Amino acid sequence: MKISDTLTNQKKELEFSDKVRIYLCGVTVYDQSHIGHARTIIVFDTLRRFLEANNIPVELIQNFTDVDDKIINRAKEQGESASGLSTKYIQTYFEDSDRLNIKRATNYPKATEHIEDMINLIKELVNNESAYVSKNGVYFRVSEFSEYGKLSKKKTEDLESGSRIGIDESKESPLDFALWKFSDAQPNWESPWGKGRPGWHIECSAMSIKYLGKNFEIHGGGRDLIFPHHENEIAQSESFTSEQFAKIWMHAGMITINGEKMSKSVGNVKSINHVLESWGPNVIRLFCISGHYSKPIDYTEDLLKENLIRLRQIETCYYELRLADKTEELEDISSLLEESREKFDAALNDDFNTSLGLSVFFNMIKTINGLAADEKISKSISEQALPVLEYMLEVLGLKVQTVSDDEIKSTFELINKREKLRDEKKFEEADKIRDQIASLGISLIDHKNKTLWMKKEAIKAEKQ
RNA sequence: GGUGAUGUGGCAGAGCGGUUAUGCGUGAGCCUGCAAAGCUUAUCUAAAGGGGUUCGACUCCCCUCGUCACCUCCA
């Protein structure tokens, strides 16, 4: 598999020995997660599913930043403790994540539970002159790391001249960033240099090295983290280990809302919870992988609607296959299935091109649905096709509503009743049964000689 | 100002130096007691503009213009 690496700006072969280790920068838990977070998580979840579905073991670590000025300030505003606030939002994070059908990561380390690891890392950095103690805290000495700027392609001279930060006189250079900030206020921890709390960047260095080693396969996050967060992580980690840090830097594009940047000040932040309410998990997942992961996506109602329609086609396909019972052989689709599976995998193997993969996926679905409309889906076609469809659904993290054999039986009983009434031209009664069936969340698909049906995901936005 | 991207048909969005991307939309039709869904088919003579390389460029190179992101916390 090849993945675009932000550092070298090239597609790089994903090489690994026993497993693929991925560190994904998670969220700062001071508020509800939004659709932009969802995009990044979905991209990496889908990547992980693809690898695992192809029998490649994955170790995925995603951190929670649970100590940060934002959390402290927000907690103060709400008269709550910082830890109470972050605990609450970690919980809502998991609720969102589960509803989005995100597989749980191997581990979700929290910054506050790794203070010791960070202190050890900082100690070494101070030891080897990569960091120094000033009156406000411990700072990373950017001038000591000659490759600073290699990820974000920035030159330190440009950064210095363009620096808009209020100059902290105690720092040797305006580019130096905090590893440890002195503070007497809670939450704070003891350290060899004085009471305080860690800077933002050091947690990811400490936790990624702790869980994945000095040199792991993929480090991921949103594009907005490239500078300064990931740039600083590289500086810290490589100064600490004297080795190359992550092998591949993979960054997900941003989501804009109707062409505008999503921000608190514009007031257009869409929380995951809110979007889930209207559109459900499958539409969101389809939407989030509809374009290449590295490019931005614009959030509009029209695009969500488009993905809803595509979801319906998936559901139709699934049920046409699931309910197939014809015994005569009318078609041979084995080559279509084989080709679809191959092209699907090839698309994802080439820089995780989900957009291209989806086009293969929908091609297959359209063909199957076309055969179904002609009543050409036999039991054996279904047995061949279902595993392929289910494989793709698993990779894409899509979950169609499933039914038990009992449900299938009872639904067909209702449908047969309706058919009989229709034959007798008792349409009013037949429509009543149709309504009854609809109330179970089931839609009918009338073919020439047979009525099939599907259980649809209820989508609120559809009714409006 | 610096850096990095990017500019494809009504919209979304890929690939590729010469072949229909694909999906949505739109038109027509099939099915039907009605509806919904589904299906079939057609459709838009797409490549920001200008140069160049080439037998041939949407695809490579150069210039101009535009858009976006990052440069401060941010997925």
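First the proteins, then the strands, lettered A, B, ... as listed; each starts at 1. What you see is a predicted model; the values in this text were computed from it and never measured.
Using atom C1' as the reference point in both rU64(B) and rA69(B), the two lie 22 Å apart (nearest Å).
With rG33(B), rG4(B), rA75(B) as the candidates, the nucleotide lying closest to the side chain of Val27(A) is rA75(B). Listed nucleotides: rA75(B), rG4(B), rG38(B). Nearest to the side chain of His34(A): rA75(B). Here the side chain of Glu306(A) is nearest to one of rA5(B), rC24(B), rC34(B), namely rC24(B).
Arg39(A) comes within contact range of no nucleotide atom at all, as no heavy-atom separation falls under 4.0 Å. Residue contacts for Asp224(A): at a heavy-atom cut-off of 4.0 Å it reaches a base atom on one of the strands shown. Heavy atoms of Leu358(A) sit nowhere under 4.0 angstrom from any nucleic acid atom. Using a 4.0 Å heavy-atom criterion, one finds that Arg418(A) contacts the bases of the nucleic acid, with or without backbone contacts as well. Looking at heavy-atom distances under 4.0 Å, Gly370(A) makes contact with sugar-phosphate atoms alone, never a base. Counting any heavy atom pair closer than 4.0 Å across all strands shown, Ser33(A) reaches no nucleic acid atom. Heavy atoms of Glu320(A) sit nowhere under 4.0 angstrom from any nucleic acid atom. At the heavy-atom level, Gly149(A) lies nowhere under 4.0 Å from the strands shown.
For Gln313(A), a side-chain nitrogen or oxygen approaches OP1 or OP2 of rC24(B) to under 4.0 Å. Listed pair Asn449(A) / rC31(B) fails the phosphate criterion, with no side-chain N or O lying under 4.0 Å from OP1 or OP2.
Between the side chain of Asp435(A) and the base of rA35(B) there is no donor-acceptor pair of N/O atoms closer than 3.5 Å. Residue-to-nucleotide contacts include a donor-acceptor pair under 3.5 Å from the side chain of Lys70(A) to the base of rC73(B). A donor-acceptor contact under 3.5 angstrom links the side-chain atoms of Arg434(A) to the base of rC34(B). Scanning atom types as modelled, no donor and acceptor separated by under 3.5 angstrom connect the side chain of Arg312(A) and the base of rA37(B).
The aromatic rings of Tyr93(A) and Tyr108(A) lie perpendicular to each other, with more than 60° between the two planes, well past the 30° mark.
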Could you list, one pair per line, each protein nitrogen or oxygen that sits under 3.5 Å from a nitrogen or oxygen of nucleotides 13-15 of chain B, together with the distance?
residue	atom	partner	partner atom	Å
rG13(B)	O2'	Ser355(A)	OG	2.9
rA14(B)	OP1	His292(A)	N	2.7
rA14(B)	O3'	Asn353(A)	ND2	3.2

Exercise. Could you summarise the pairing of RNA chain B as dot-bracket text, marking Watson-Crick and G-U pairs under 3.5 Å with ( ) or [ ] inside the strand and | across strands?
Key: (((((((..(((.....[...)))((((((.......))))))....(((((..]....))))))))))))....
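For Phe427(A), the ring pair (Phe, Tyr, Trp, His ring centres under 6.0 Å) criterion is met by no residue, not counting sequence neighbours.
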